Amino acid sequence: MLPDEILLQVCRYLHNGDVLYSFFGLNSRLNQTITFYRQHVSLHRTFYMQFTHIFSIILPQIASSIRSLVIFELESPSFLTSFQNNLLYHSLEKLTLVNWTDEKLILFIDKLHGMKYFHKLTIQALDLTDSIKNLNLLQTILGANDNCLTYVSFDHECDPFTLPDDEVYQRNFPNIIRLDIELQTTKDFFQLNHLIPNVEQLHTTFKRPWIRILENQQRFSFLKELYVYAMSWFSSFDDLKTLIHSSPIIENISLVLVSHDYSMTNGQRVLSLLPNWIKKFDYSICYQPSNTDDEFDPISIINSWKSIPIAYSISENDKRIFLHTISYQSNRLALRSLFNKNMSTILNSQIYRNVRHVHIYDTITLAETFGIIRHCRQIIDLIISIRTLPPRAEDPPKTTVILPYLNRLDFLSIQGTPPDSHCIEKILLIAPNLAAFSIDFDCLHKLLIDDDQSLMLFYLLHRRILILCLRFENTMIRNLTDEHIHCIARIFSGVNHICFDFRYSPIKIENHMISIILNYFPKLMVLSIYGQLSDDFHLNKKHLKEYLVKQSTGRLTDINRFEIDRGNERVKIWM
């Protein structure tokens, strides 16, 4: 009896799978009302049996109307079968694959054929292994759907590709017009020219040290737009020159770099590299000297940019400058925390309105990150890396930084143990939609055993957090006990996804550990554990299922009502 407008308002609070599971098939009017949810399908955050019902009963009825589809790796066995008949998805335009490994991905991509509207493939958080050559995988992806793709995107959480320079590239893909990709070095960047000769838009990240490249390197003939994000390693003025000259018809350039090269901060020298036909140039540089005796003249640097508007923040003590053209165009911002002291004091500044992903590093306290966070009102995820550094000189007392509401913030990661861990509460208070939380075990354990900790912090963690990731890197404990898990579950009993990461810990994955976790978290949909398997771990999936059913206190009742995905150093259970 409710009008469509109210029903659609209700649907905004539900996940896509919940909408389909609850409303589809009740009557023709509701089927029409939820048209959007039938055209754009993501079954993430559904229980295993709920997914099975949607996949087997509902999906065959709506497959022909699906325009965009998101598939997580846990769902891959089911979709691998259904995509063998691609006529089911003949209206598909965009496919997004999340958290896949290269072994599964290359098998799945090989099934994509005959979909004439399917032109965009997005891959998120791809895990590359040594079992498949990077080049073979990339060629398979670029040639998916019978070479009909025009846009392939790897997000910044994907592992970077390495492309050999001693390989004869016998295949190329003139169909690719835009590519977003994570690469190891600049050498791999120019190897792309052999694969995608017609590319017009290229967005890339470099994850490893720059390899010296020659300016007369073969150039991209049709490239008009180049975005480069290289904050992991130091670039030089020669590298900058080579990138800008990578295409004879380049029109739009966006570069986010870090450097020891002082000339990279000189506006006159940088702008002199640009050809006359450039339409848009966005530039960001974090400069830090290679030693304390290097030249550093902030006034001269700023004056060299008089011909173009810039924003900047200077750290005089260690001769660093963060400088960029206005406004900052990249959706990622990685910044040393000390730069917060001299950033714009205008609270409603729109300089960083495009930023969605923020990483603040070399941080001693959480409080000193607030001067940066307050400028990034549209962020979706926030990573704060705590580092033990020598004590800093005390600054004169300043007015407490007031954080704006961060309505879009969904994910918070705190790496290390901050001395002012109570400030986590301040972030939770201004992020009403924060649902995913990643934290070192030692930091969380310190919070949970602190009798003086605010009860409001625990209340907010309990109410907000639905996805929890615990890292055990350099942890002080050698075994994860029943008491540890019980202590965590008292606060996070409502989480539906939980991850234990033991990859950098001596702790091994054991059968009884899994059963204890399942028993303590009654609302759990997915349990992911990464690390070394113990010697007594059941290698047979059926035996492991039977063991978990036997050890479960009513949580698991039938081996057919949950699924297990296992690799060499991972176990995932979907309930």
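Quantities reported herein were computed from a predicted structural model and do not represent experimental measurements.
- Looking only at distances, a side-chain donor or acceptor of His245 sits under 3.5 Å from a matching main-chain atom of Leu273.
- The two residues Leu333 and Cys376 come nearest to each other via the heavy atoms CD2-SG, 3.9 Å.
- With sequence neighbours excluded, the residues forming a ring-ring contact (aromatic ring centres under 6.0 Å, His included) with Phe72 are His44, listed by chain and number.
- Of the possible donor and acceptor atoms, one in the side chain of Trp305 sits under 3.5 Å from a partner among the backbone N and O of Thr265.
- With hydrogens and angles disregarded, a donor-acceptor distance shorter than 3.5 Å links the side chain of Asn433 to the backbone of Asn407.
- Asn16 CG to Arg38 CZ: the interatomic distance, rounded to the nearest 0.5 Å, is 11.5 Å.
- More than 12 non-hydrogen atoms from other residues, nucleotides or ligands lie less than 6.0 angstrom from CG of Asn291.
- Between the Thr363 side chain and the Arg387 main chain, no donor and acceptor come within less than 3.5 Å of each other.
- Residue-environment remark: OH (Tyr169) exceeds the threshold of 12 foreign heavy atoms within 6.0 Å.
- In summary, the side chains of Asp188 and Thr185 do present a donor paired with an acceptor at a separation below 3.5 Å, with no hydrogens or angles considered.
- Distance alone, capped at 3.5 Å, places no donor-acceptor pair between the Trp574 side chain and the Leu74 backbone.
- Partners of Asp440 under the salt bridge (charged side-chain N to carboxylate O under 4.0 Å, His left out) rule, at least two apart in sequence or in another chain, are Arg471.
- Within the 4.5 Å cutoff, the side chain of Ser247 has no heavy atoms near those of the Arg219 side chain.
- Salt-bridge annotation for Arg269 and Asp261: absent, with no side-chain N of the basic residue lying under 4.0 Å from a carboxylate O of the acidic one.
- Taking the charged nitrogens against the carboxylate oxygens, Asp565 and Lys104 do have a contact shorter than 4.0 Å, which makes a salt bridge.
- In this structure, Tyr262 has its ring center closer than 6.0 angstrom to the ring center of Tyr287.
- Looking only at side-chain heavy atoms (C-beta outward), Leu95 and Leu112 come within less than 4.5 Å of each other.
- Side chains of Arg171 and Gln139: a donor-acceptor N/O pair is absent below 3.5 angstrom, by distance only.
- Within the structure, the side-chain hydrogen bond (donor to acceptor under 3.5 Å, both in side chains) test picks out the following pairs touching residues 140-149 (sequence neighbours left out): His113-Asp146.
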With side-chain contact (heavy atoms from CB on, under 4.5 Å) as the criterion, how do Leu138 and Ile181 come out once you've worked through the C-alpha distance, each side chain's angles and the decisive distance to 0.1 Å? CA-CA 10 Å; Leu138 185 58; Ile181 190 169; 4.1 Å; yes
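- You'll find the side chain of Ser254 stays beyond 4.5 Å of the side chain of Leu226, heavy atoms only.
- Interatomic distance, OG1 of Thr150 versus CD of Gln201, reported as 10.0 Å (0.5 Å rounding).
- The nearest pair of heavy atoms linking Tyr37 to Arg12 is OH-N, 4.0 Å.
- Of all heavy-atom pairs spanning Leu59 and Val41, the tightest one is CD1-CG1, 4.5 Å.
- Between Tyr328 and Asp282 the shortest side-chain heavy-atom distance does not fall below 4.5 Å.
- Looking only at atom types and distance, the side chain of His203 has a donor-acceptor partner in the side chain of Arg178 under 3.5 Å away.
- Between Met231 and Cys286 there is a side-chain heavy-atom pair separated by less than 4.5 Å.
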Please report the C-alpha distance between Tyr227 and Asn252 in whole Å, then the side-chain angles of each, then the deciding distance to 0.1 Å, and finally whether the side-chain hydrogen bond (donor to acceptor under 3.5 Å, both in side chains) criterion is met. CA-CA 8 Å; Tyr227 282 30; Asn252 300 326; over 6 Å; no
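- Considering every non-hydrogen atom in both Ile58 and Leu20, the closest pair reads CD1-O, 3.4 Å.
- Lys207 has a carboxylate O that lies under 4.0 Å from a charged side-chain N of Glu182, or vice versa, which qualifies the two as a salt bridge.
- Contact record, Trp100 with Ser76: CH2-CB, 3.3 Å, taken as the closest heavy-atom pair.
- Here OG of Ser304 is found 7.5 Å from CG of Leu323. Values are rounded to the nearest 0.5 Å.
- Ser153 contributes no side-chain N or O that, together with a main-chain N or O of Asp180, makes up a donor-acceptor pair within less than 3.5 Å.
- Side-chain polar atoms of Thr205 and Arg332 form a donor-acceptor pair below 3.5 angstrom.
- Judged purely by atom type and a 3.5 angstrom limit, Thr101 has no side-chain atom pairing as donor or acceptor with the backbone of Asp127.
- Side chain of Asn340 to main chain of Ile372: no donor-acceptor pair is present (N/O by atom type, distance under 3.5 Å, no hydrogens or angles).
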Apply side-chain contact (heavy atoms from CB on, under 4.5 Å) to the pair Leu142 and Leu149, showing each step before the final yes or no. CA-CA 7 Å; Leu142 298 176; Leu149 297 179; over 6 Å; no
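- Atoms CG and CD, from Leu126 and Glu73 in turn, are 10.0 Å apart once rounded to the nearest 0.5 Å.
- Side chains of Ile314 and Tyr312 form a contact here, defined as non-hydrogen atoms less than 4.5 Å apart.
- Contact of the Asn172 side chain with the Leu195 side chain is not registered, since no non-hydrogen atoms from C-beta on lie closer than 4.5 Å.
- Residues Phe411 and Phe437 place their aromatic rings such that the two centres sit no closer than 6.0 Å.
- Note that OG1 of Thr242 is 10.0 Å distant from CZ of Phe189, once rounded to the nearest 0.5 Å.
- A donor atom on one side chain and an acceptor atom on the other are found under 3.5 Å apart for Asp239 and Ser236.
- When ring centroids are compared, Phe83 and Tyr89 come within the 6.0 Å threshold.
- With contacts defined as side-chain heavy-atom distances shorter than 4.5 Å, the pair Leu406/Leu434 does not qualify.
- Between the Ser385 side chain and the Gln415 main chain, no donor and acceptor come within less than 3.5 Å of each other.
- Taking both residues in full, the closest heavy atoms of Pro160 and Leu128 are given as O-CD1, 3.4 Å, listed atom of the first, atom of the second, then distance.
- Cation-pi geometry between Arg503 and Tyr530 is met: the NZ or CZ atom falls under 6.0 Å from the ring centre, inside 45° of the normal.
- For the atom pair CD (Glu200) and CD1 (Ile176), the distance works out to 12.0 Å, reported to the nearest 0.5 Å.
- Between the side chain of Ser313 and the backbone N or O of Phe339 there is at least one donor-acceptor pair closer than 3.5 Å.
- For Thr122 and Gln124, the side-chain atoms include no donor-acceptor pair closer than 3.5 Å.
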Using the ring pair (Phe, Tyr, Trp, His ring centres under 6.0 Å) rule, take Phe206 and Tyr229 through it: C-alpha gap first, then chi angles, then the decisive distance, then the call. CA-CA 7 Å; Phe206 299 127; Tyr229 186 93; over 10 Å; no
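- Using the six-membered ring where Trp is involved, Phe281 and Tyr283 have ring planes that are parallel, under 30° apart on the 30 and 60° scheme.
- Asp318 and Ser315 share a side-chain donor-acceptor pair at under 3.5 Å.
- Classification of Glu251 and Lys224 as a salt-bridged pair fails, no side-chain N sitting under 4.0 Å from a carboxylate O.
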Under the ring pair (Phe, Tyr, Trp, His ring centres under 6.0 Å) criterion, do His324 and Tyr352 qualify, and how do the steps go? CA-CA 11 Å; His324 60 80; Tyr352 303 100; 5.2 Å; yes
